[in-house]
Amino acid sequence: MLSTMQDVPLLISRILTHGSTIHGKSQVTTWTGEAEPHRRSFAEVGARAAQLAHALRDSCGVTDASAIGTLMWNNAEHVEAYLAIPSMGAVLHTLNLRLPAEQLIWIVNHAADRVVIVNGSLLPLLAPLLPHLPTLEHLVVSGPGDRSLLDDIDGGGPQIHEYEELIAGRPTTYDWPQLDERSAAAMCYTSGTTGDPKGVVYSHRSIYLHSMQVNMSESMALTDQDTTLVVVPQFHVNAWGLPHATFMSGVSMLMPDRFLQPAPLADMIERERPTHAAAVPTIWQGLLAEVTAHPRDLTSMRNVTIGGAACPPSLMEAYDKIGVRLCHAWGMTETSPLGTMSNPPAGLSAEEEWPYRITQGRFPAGVEARLAGSDGAFLPWDGVSAGELEVRGPWIAGAYFGGAGGEDFRPDDKFSPDGWLRTGDVGVISPDGYLTLTDRAKDVIKSGGEWISSQELENALMAHPEVAEAAVVAVPDTKWGERPLATVVLRPGATVDYAALKAFLATRIAKWQLPERWALVEAVPKTSVGKFDKKVIRRQYADGELDVTELR
Ligand code: ADP
């Protein structure tokens, strides 16, 4: 028997229409670096999204599910693209502006982007790539930047448009098509640390359901009373779902544009008083150093989502002290990204909450999880048995994009035979469903047949008051197979030496797990989305580029 309910598709155009009418007064505020930021209401953003859709259809010939790239900072125009492109039936393809040129070229060609919307300030990055982007028919330039960089494009290159001129005077409503909710709405490529980047294609349905989850009280708990500071780039897994989730619930957005350094971030928080924010740990580390040196009031943020990499508990404690609560989240490009969030169960004291807060968090109803042991058997949720995390759910990828005209594909190391996503993350799950990750499978240190968690060592090191950052990787060892190498960034004026750091670790970590190899570094190398880049550290070690001290 089928239900008697209406079969109304879950579409982004519905989110757009709802946000721009019911929540028309909510705002997208974009930082400009000038005295006043730029403010635009949801009603205006919705009207301009309709104008953009008309422009893309009538001036750029977008009438099908073509991929439309965006090479943009977080700003109001990027939100307009987020809403307009999927709603009209095309596919929003966010491009990571920190990728090396050859990867960007590969990705644009693989997705066959026909149009790219670019911020003028990013033309120095994009202009030299244009001769290598044969599928690109139109380039739409938005915001300040040197247009003369496009002067040399010959007749075979894309047609150039100015964003504001292109949308001006177009109708401010659009007859959004009734699409199949399973059709492609947006796409994002993983960073391709091994092999070519892999494309994940989100559906209208997956984004709609994910947006609802983002707003739920057990996740980011956002309402129209909130303003969220969206530091996580819109090219990093759809800014963790925020641009769509906010339009669903009328949450105002504060967008940093290209002002992502700690000082302007601190200024915008103090002046605009957001109640929520989302970013990777590196951003929060930098901001903490900034406000320690030059105090600013960050206390408007009642709730901050920190994820994309493990959050050191010491960082959480430091923010607790300045009245800002960090909530740890885990996710991946393949999981839209919301996988877990570490809100503790109700009714606990601060002390009782702590062990929950420092986990990666618990799974929402939309994400099923299981742990696979090394022999393939599934492990109990007992908080002790460690295995590879596998997940499934309506906003979890079931395959990768095969490219225009190609077949989607499911590598065995990424998908189980029964279709679950193999995350490559190793950890334990408590009986009440809280996930604690110990490592990425490829970062685990295998010493004499036992596993050492690089994350545990890093968290313990970063708890030292004179340590700014620490990354631990496996290096080859003749006796044990692998041993940990600790690379450490000290705070300015620090006097601590390796022996003292090792002694500090020994108070928290089993003796056999303590690193013998140590190196001081100026900064931990980071990936294009600001995570520790352990592959680079391993290469630096192999190439003898690190000044390693051995402490046996
Ligand atoms: P990339 O592989 O380029 O970093 P993703 O953003 O998809 O791209 O990264 C997902 C991975 O990031 C996860 O598989 C996990 O290893 C790591 N990660 C994300 N959130 C956390 C977290 N809270 N704690 C530990 N690791 C995390």
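Note that ligands are numbered from 1 as they come in the structure, with each ligand's atoms numbered from 1 the same way.
- Side-chain atoms of Ser447 and Arg483 include a donor-acceptor pair closer than 3.5 Å.
- For ligand 1, the polar-atom distance check against Cys311 finds no nitrogen or oxygen pair separated by under 3.5 Å.
- Contact annotation: for Ser528 versus ligand 1, there are no heavy atoms closer than 4.0 Å.
- The salt bridge (charged side-chain N to carboxylate O under 4.0 Å, His left out) search around Arg491 returns none, not counting sequence neighbours.
- Counting atoms of ligand 1 from 1 in the listed order, those under 4.0 Å from a heavy atom of Met332 are 7 (O), 10 (C), 13 (C), 14 (O).
- Checked by atom type, the side-chain pair His276/Thr305 shows a donor-acceptor distance below 3.5 Å.
- No donor-acceptor contact under 3.5 angstrom links the side chains of His210 and Tyr202, judged on distance only.
- Contacts between Arg440 and ligand 1 below 4.0 angstrom, taking non-hydrogen atoms only, involve the side chain exclusively.
- Counted by atom type alone, Asp443 and Ser454 present zero donor-acceptor pairs between their side chains at under 3.5 Å.
- Note: His244 and Tyr82 have tilted aromatic rings, judged against thresholds of 30 and 60 degrees for the angle between ring planes.
- Ligand 1 lies within reach of Gly331, whose nearest heavy atom is under 4.0 Å from it.
- Of all the atoms in ligand 1, the ones that sit under 4.0 Å from a non-hydrogen atom of Gln455 are 25 (C).
- Remark: ligand 1 atoms within the under-4.0 Å shell around heavy atoms of Gln360 are 22 (C), 23 (N), 24 (N), 25 (C).
- A heavy-atom separation below 4.0 Å is found between Asp425 and ligand 1.
- Neither side chain, Thr94 nor Gln234, offers a donor N or O lying under 3.5 Å from an acceptor on the other.
- Near His328, the atoms of ligand 1 lying under 4.0 angstrom from a non-hydrogen atom of the residue are 22 (C), 23 (N), 24 (N).
- Checked by atom type, the side-chain pair Trp73/Ser121 shows a donor-acceptor distance below 3.5 Å.
- The closest heavy-atom contact to atom 22 (C) of ligand 1, among the options Gly307, Ala309, Ser342, comes from Ala309.
- Here atom 7 (O) of ligand 1 lies nearest to Thr333 when heavy atoms of Leu435, Val280, Thr333 are compared.
- Remark: ligand 1 atoms within the under-4.0 Å shell around heavy atoms of Ala329 are 20 (N), 22 (C), 23 (N).
- Those atoms of ligand 1 that come under 4.0 Å of a heavy atom in Gly308, given as number and element, are 12 (O), 17 (C), 18 (N), 19 (C), 20 (N), 21 (C), 27 (C).
- Asp425 and Trp330 share a side-chain donor-acceptor pair at under 3.5 Å.
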